[in-house]
Amino acid sequence: MSADQTTTTTPASTAPTRRRTTDELRALATEGERLLTAAHRPGGTEADAAEVAEWAARTFPGTLAVACSMADAVLPHVVAEQAPGVDVLFLDTGYHFAETHGTRNQVEHELDVTIVDVLPELTVAEQDAQYGPTLHDRDPAACCRMRKVEPLKAALAGYEAWVTGVRREEGPTRADTPLVTFDEQFGLVKLNPLAAWSFDDLLGYATDRRVPVNLLLSDGYPSIGCEPCTKRVAPGDDPRAGRWAGFAKTECGLHP
């Protein structure tokens, strides 16, 4: 992070003011699809991560946000190479592993990004008082909605595009992840530059460029969420099998 950058915290009033209409953003998503996806490119090969990030930085200067769970800092690094100082939104749910907070702090100090801590409306104690303790054990969907989906929706309100680290190999629900689309849930352009990457690609990039990685990745946690809802995964199992174990739930709601 550069010397004149600071960590900020939402509400969304701290975010940039959107400059284009929803119809204009839809058109930009269509243009991005034409330029970046295999079906529209010579040779039938889709754009690589750096090209996606370059298009995003050029198309959305000052209104681009990166969402990062702090499982690793590969995505912020890829985007910051093209958009130095880019806002990196960290959903501080109040339930993260200590290792996740450690990775967040390392990213803040080592990368040329601006960390934006996105907080739920209620603290954990306030949520417990209103809905009863350990809501995540009884109704994880409601807990994710209040601590992830609603805060992120508010934080993204002023941006025109957001970048995620969703990868196709992470599971059946993500197998068809596009490089660029219009996000109907949040009403802005959504980019997934690492969609085609494998877990080994991710770790290889982090190793080659000395990018921060959450220590839990090497301790049986290939997918890292909130501590109460994340378990170790057996070798060879679906990488997201440790998320909400015992429930049919496979996504937090950010990527329906």
Side-chain angles (χ1 to χ4, degrees), residues 8 10-69 74-91 112-114 116 118 145 148-170 172-197 251-256:
T8 61
T10 56
S13 59
T14 63
T17 300
R18 178 173 292 167
R19 297 178 299 199
R20 287 171 277 203
T21 67
T22 298
D23 285 345
E24 288 172 326
L25 294 178
R26 286 182 188 274
L28 286 170
T30 299
E31 176 69 3
E33 180 183 16
R34 184 183 69 80
L35 292 172
L36 301 171
T37 60
H40 303 282
R41 289 164 58 90
T45 57
E46 66 183 7
D48 62 23
E51 189 175 354
V52 176
E54 189 278 330
W55 180 82
R58 173 166 40 87
T59 308
F60 306 103
T63 58
L64 181 68
V66 177
C68 186
S69 65
V74 169
L75 181 67
H77 188 275
V78 167
V79 179
E81 289 281 284
Q82 309 298 328
V86 67
D87 285 358
V88 173
L89 310 186
F90 172 58
L91 289 172
D112 188 4
V113 301
T114 301
V116 180
V118 179
R145 174 177 52 79
K148 290 186 175 183
V149 179
E150 291 174 354
L152 183 63
K153 186 172 184 177
L156 287 174
Y159 296 94
E160 294 183 322
W162 70 306
V163 189
T164 88
V166 173
R167 295 181 294 107
R168 294 168 189 150
E169 77 155 20
E170 290 178 303
T173 60
R174 301 187 172 192
D176 297 322
T177 297
L179 288 181
V180 58
T181 188
F182 183 79
D183 189 323
E184 297 291 346
Q185 177 176 211
F186 296 131
L188 70 173
V189 179
K190 180 179 181 181
L191 299 115
N192 307 292
L194 309 185
W197 286 30
E251 295 284 353
C252 64
L254 299 180
H255 310 289

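Heavy-atom basis, side chains included; hydrogens, waters and symmetry copies ignored.
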*asked:* The criterion is side chain to side chain contact (heavy atoms under 4.5 Å, CB included); which residues satisfy it with Asp23, sequence neighbours excluded?
replied: Thr21, Arg26
*To the nearest 0.5 Å, tell me how far Leu188 CG sits from Tyr159 OH.*
11.0 Å
*Phe90: ring-ring contact (aromatic ring centres under 6.0 Å, His included) partners, not counting sequence neighbours*: His96, His101
*Taking all atoms of both residues into account, what is the closest heavy-atom pair of Trp55 and Val180, and its distance?*
CZ3-CG2, 4.2 Å
*Got Leu152 and Leu91 here, is their nearest side-chain heavy-atom distance under 4.5 Å?*
yes
*Mind checking what makes side chain to side chain contact (heavy atoms under 4.5 Å, CB included) contact with Thr181, not counting sequence neighbours?*
Pro178, Lys190
*Check: Glu160 side chain, Leu25 main-chain N or O, donor-acceptor pair, under 3.5 Å*: no
*asked:* Give me the atom names and distance for the closest heavy-atom approach of Val88 to Pro76.
replied: CG2-CB, 4.0 Å
*Atom pair NE2/CZ of His40 and Arg34 - distance to nearest 0.5 Å*: 9.0 Å
*With a 4.5 Å heavy-atom cut-off, do Cys68 and Leu75 have their side chains touching?*
no
_Heavy-atom side-chain contact between Leu191 and Val79 under 4.5 Å_ = no
_Minimum heavy-atom distance Arg174-Val166, with the two atoms named_ = CD-CG1, 3.6 Å
_Which atom of Val52 lies closest to which atom of Ala47, heavy atoms considered_ = CG2-CB, 4.1 Å
*Any side-chain heavy atom of Pro61 within less than 4.5 Å of one from Arg19?*
yes
*Kindly give the heavy-atom pair with the smallest separation between Pro84 and Asp112, and that separation in Å.*
CB-OD2, 3.2 Å
*Ionic contact status for Lys153 with Glu150, cut-off 4.0 Å*: no
*Looking only at non-hydrogen atoms, find the nearest pair between Gly187 and Phe182 and report the distance.*
C-CZ, 3.6 Å
_Taking Gly85's backbone N and O only, do any of them form a donor-acceptor pair with Thr114's side chain (distance below 3.5 Å, no angle check)?_
yes
*Partner set under side chain to side chain contact (heavy atoms under 4.5 Å, CB included) for Ala27, not counting sequence neighbours*: none
*Separation of Gln82 CD from Leu64 CG (nearest 0.5 Å)*: 11.0 Å
_Can you list everything that forms a side chain to side chain contact (heavy atoms under 4.5 Å, CB included) with Ala195? Sequence neighbours excluded, please._
Arg168, Thr177, Leu179, Asn192
*asked:* For Glu51, give me all partners under side chain to side chain donor-acceptor pair (under 3.5 Å), at least two apart in sequence or on another chain.
replied: Arg41
*Between Thr59 and Leu28, is any pair of side-chain heavy atoms under 4.5 Å apart?*
yes
*Passes side-chain contact (heavy atoms from CB on, under 4.5 Å), Leu89 versus Leu156? Steps please.*
CA-CA 9 Å; Leu89 310 186; Leu156 287 174; 3.6 Å; yes
